[in-house]
Number of protein chains: 2
Amino acid sequence: MKLTQGADYGMAAVLYLSQRSEDRRYSLDEISRATEIPEEFLRKIFQTLVKSGIINSFKGRGGGVSLARSARDITVAEVIKPLEEEMGLVRCLREKENCPRSSECMASNFWRKTQQNFFEILNSTTIKDLIEGGKQNARKG
Amino acid sequence: MKLTQGADYGMAAVLYLSQRSEDRRYSLDEISRATEIPEEFLRKIFQTLVKSGIINSFKGRGGGVSLARSARDITVAEVIKPLEEEMGLVRCLREKENCPRSSECMASNFWRKTQQNFFEILNSTTIKDLIEGGKQNARKG
DNA sequence: CCTTAATTGGACTAATTTAGTCTTATTATA
DNA sequence: TATAATAAGACTAAATTAGTCCAATTAAGG
Ligand code: FES
Ligand code: FES
């Protein structure tokens, strides 16, 4: 039970940006050195986050990336979901073909609910919450 | 974000046993055919569950496996944990060496708590709950 | 305009993990 | 003693993940 490394790094990178001035662009090189996330991998991660609208990127000299929205308006779920290709805790929740065990299986309902519960937490937590939660512990609403 | 196939199958197998008479032993061959879980794989799964005390196994003619305890006393967590070797949602929660980002990272606390929340659900749900939950939806306590 | 500093997109590769199999030994019963 | 079962653990194949590389594009500065 683990997140992909991309999602893990993705959060770290977004958190990095969120803790800095929003008035400038950060080059991948700079972020990579600061966070120790491999640059080429980080590039791929940002490409994904750009597509899903969390990050803005700028080509060319003086280019780089920045948050597309305020940290208060970005949820953890928005960062994680596009980077976690394989969703679904168990096979039955991932595949379309129906399971040979479905007739007497009571498991998938439970996994579905548990998973929903998990994503509800990610949905209701913003990046801002994390930053503030770090200073004085947790306060969500 | 997914469970290993072993954990997934493990639940299905325990659920299979729980829905049947506790008065007999079930051979791997029988369970494998009924659930469509590959027999040799299922064998390994049961070996793990035997070690953690959920399943009793009996060698020799007339042997097989059975629940070591009543379904009411087995939690989902007890089935999943021994079959999910790699615990820890993100790298920081898995590795002992400390993370290069830990100084300004607000993420690991969050992941730790989210993960705890997840396991609390697994801990407070018994196999019996699942079976009954299937008939008339959810009632936990 | 030309050079340089940046991202894009996508193909590629290496490493790791996962899922599954096989084989030999042991045990219990008839 | 034959047979029907699990135990233990080495082994293998497939899949996934993590990470790299490269050619193309774009923007800014001189
Ligand atoms: S294991 Fe497939 S429906 Fe439950
Ligand atoms: S990413 Fe390592 S402590 Fe947060």
Side-chain angles (χ1 to χ4, degrees), chain A residues 1-13 17 24-33 35-52 54-66 68 80 82-91 94-95, chain B residues 1-13 17 24-33 35-68 80 82-91 94-95:
Chain A
M1 236 268 302
K2 58 186 189 188
L3 261 38
T4 60
Q5 197 53 40
D8 187 346
Y9 284 157
M11 274 294 292
L17 288 177
R24 51 171 288 236
R25 298 162 182 179
Y26 296 82
S27 76
L28 276 275
D29 175 67
E30 177 177 2
I31 302 173
S32 164
R33 270 184 290 100
T35 58
E36 299 192 28
I37 298 169
E39 180 169 349
E40 292 300 316
F41 195 11
L42 187 57
R43 200 180 300 288
K44 253 188 20 175
I45 292 167
F46 273 122
Q47 280 175 26
T48 304
L49 295 179
V50 164
K51 270 186 201 137
S52 64
I54 291 157
I55 294 289
N56 280 147
S57 69
F58 307 88
K59 284 184 173 186
R61 213 179 237 238
V65 299
S66 64
I80 296 306
L83 296 169
E84 276 286 323
E85 56 293 330
E86 275 270 57
M87 248 20 153
L89 229 30
V90 294
R91 196 174 271 179
R94 292 190 297 265
E95 299 182 348
Chain B
M1 237 268 301
K2 58 185 190 187
L3 261 39
T4 59
Q5 197 52 41
D8 187 346
Y9 284 157
M11 274 294 291
L17 287 177
R24 52 171 286 233
R25 298 161 181 179
Y26 295 83
S27 76
L28 276 277
D29 174 68
E30 176 178 2
I31 302 173
S32 165
R33 270 185 289 102
T35 58
E36 297 192 31
I37 299 170
E39 180 171 347
E40 292 302 315
F41 195 12
L42 186 57
R43 199 180 299 285
K44 253 187 24 176
I45 292 168
F46 273 122
Q47 280 175 26
T48 303
L49 295 179
V50 165
K51 270 184 201 137
S52 64
I54 292 155
I55 293 289
N56 281 148
S57 69
F58 306 89
K59 285 183 170 184
R61 210 180 240 238
V65 299
S66 64
L67 290 185
I80 295 306
L83 296 169
E84 274 288 321
E85 57 292 329
E86 276 271 56
M87 249 19 155
L89 230 30
V90 295
R91 199 175 269 182
R94 291 189 298 264
E95 299 181 348

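Quick note on labels: first sequence line is chain A, next is B, and so on, each numbered from 1.
A search for side-chain hydrogen bond (donor to acceptor under 3.5 Å, both in side chains) contacts involving B:Asp29 returns B:Arg33, not counting sequence neighbours. Not a single salt bridge (Lys or Arg N to Asp or Glu O under 4.0 Å) links A:Glu36 to another residue, sequence neighbours left out. Checked against side-chain contact (heavy atoms from CB on, under 4.5 Å), B:Ala12 has the following partners two or more places apart in sequence or in another chain: A:Arg101, B:Ile37. Residues passing the side-chain hydrogen bond (donor to acceptor under 3.5 Å, both in side chains) test with A:Thr4, sequence neighbours excluded: A:Glu84. For B:Arg94, the side-chain contact (heavy atoms from CB on, under 4.5 Å) criterion is met by A:Lys2, A:Gln5, B:Glu86, B:Arg91, not counting sequence neighbours. Among residues two or more places apart in sequence or in another chain, the salt bridge (Lys or Arg N to Asp or Glu O under 4.0 Å) test is passed with A:Arg61 by none. Listed by chain and residue number, nothing satisfies the side-chain hydrogen bond (donor to acceptor under 3.5 Å, both in side chains) test with B:Arg25 (two or more places apart in sequence, or in another chain).
At least one side-chain nitrogen or oxygen of A:Tyr9 sits closer than 4.0 Å to the OP1 or OP2 atom of D:dG19.
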Subject >> Check against side chain to side chain contact (heavy atoms under 4.5 Å, CB included), A:Leu17 and A:Ile55 >> reply: CA-CA 10 Å; A:Leu17 288 177; A:Ile55 294 289; 3.7 Å; yes
Subject >> Candidate pair B:Ile31 and B:Val65, rule side chain to side chain contact (heavy atoms under 4.5 Å, CB included), full reasoning >> reply: CA-CA 9 Å; B:Ile31 302 173; B:Val65 299; 3.6 Å; yes
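Within the 4.5 Å cutoff, the side chain of A:Leu89 has no heavy atoms near those of the B:Asp8 side chain. Considering only heavy atoms from C-beta on, B:Leu67 stays 4.5 Å or farther from B:Asn56 through its side chain.
Of the residues in residues 37-53 of chain B, those with a non-hydrogen atom less than 4.0 angstrom from any atom of DNA chain D are B:Arg43, B:Gln47. If you check residues 57-67 of chain B against DNA chain D, the residues with a heavy atom closer than 4.0 Å are B:Ser57, B:Phe58, B:Lys59, B:Gly60, B:Arg61, B:Gly64, listed by number.
Taking OG of A:Ser57 as the reference point, atom CG of A:Leu28 lies at 9.0 Å (rounded to 0.5 Å).
At whole-Å resolution of the value, CG in A:Leu3 and C1' in D:dA18 are 14 Å apart. Remark: P of D:dA4 and CD of B:Glu30 are 16 Å apart, rounded to the nearest angstrom. Rounded to whole Å, the distance from CG on A:Asp8 to P on D:dT17 is 14 Å.
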Between side-chain atoms of residues 38-51 of chain B and protein atoms elsewhere (two or more places apart, or another chain), which donor-acceptor pairs fall under 3.5 Å?
from, atom 1, to, atom 2, distance (Å)
B:Glu39, OE2, B:Arg43, NH2, 2.7
B:Thr48, OG1, B:Lys44, O, 3.2

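The end-to-end axis angle of the helix from C:dC1-D:dG30 to C:dA30-D:dT1, rounded to 10 degrees and based on five pairs per end, is 0°.
From the 5' end on, the contacts that DNA chain C makes with chain B at under 4.0 Å to a non-hydrogen atom open and close at C:dT17 to C:dA30.
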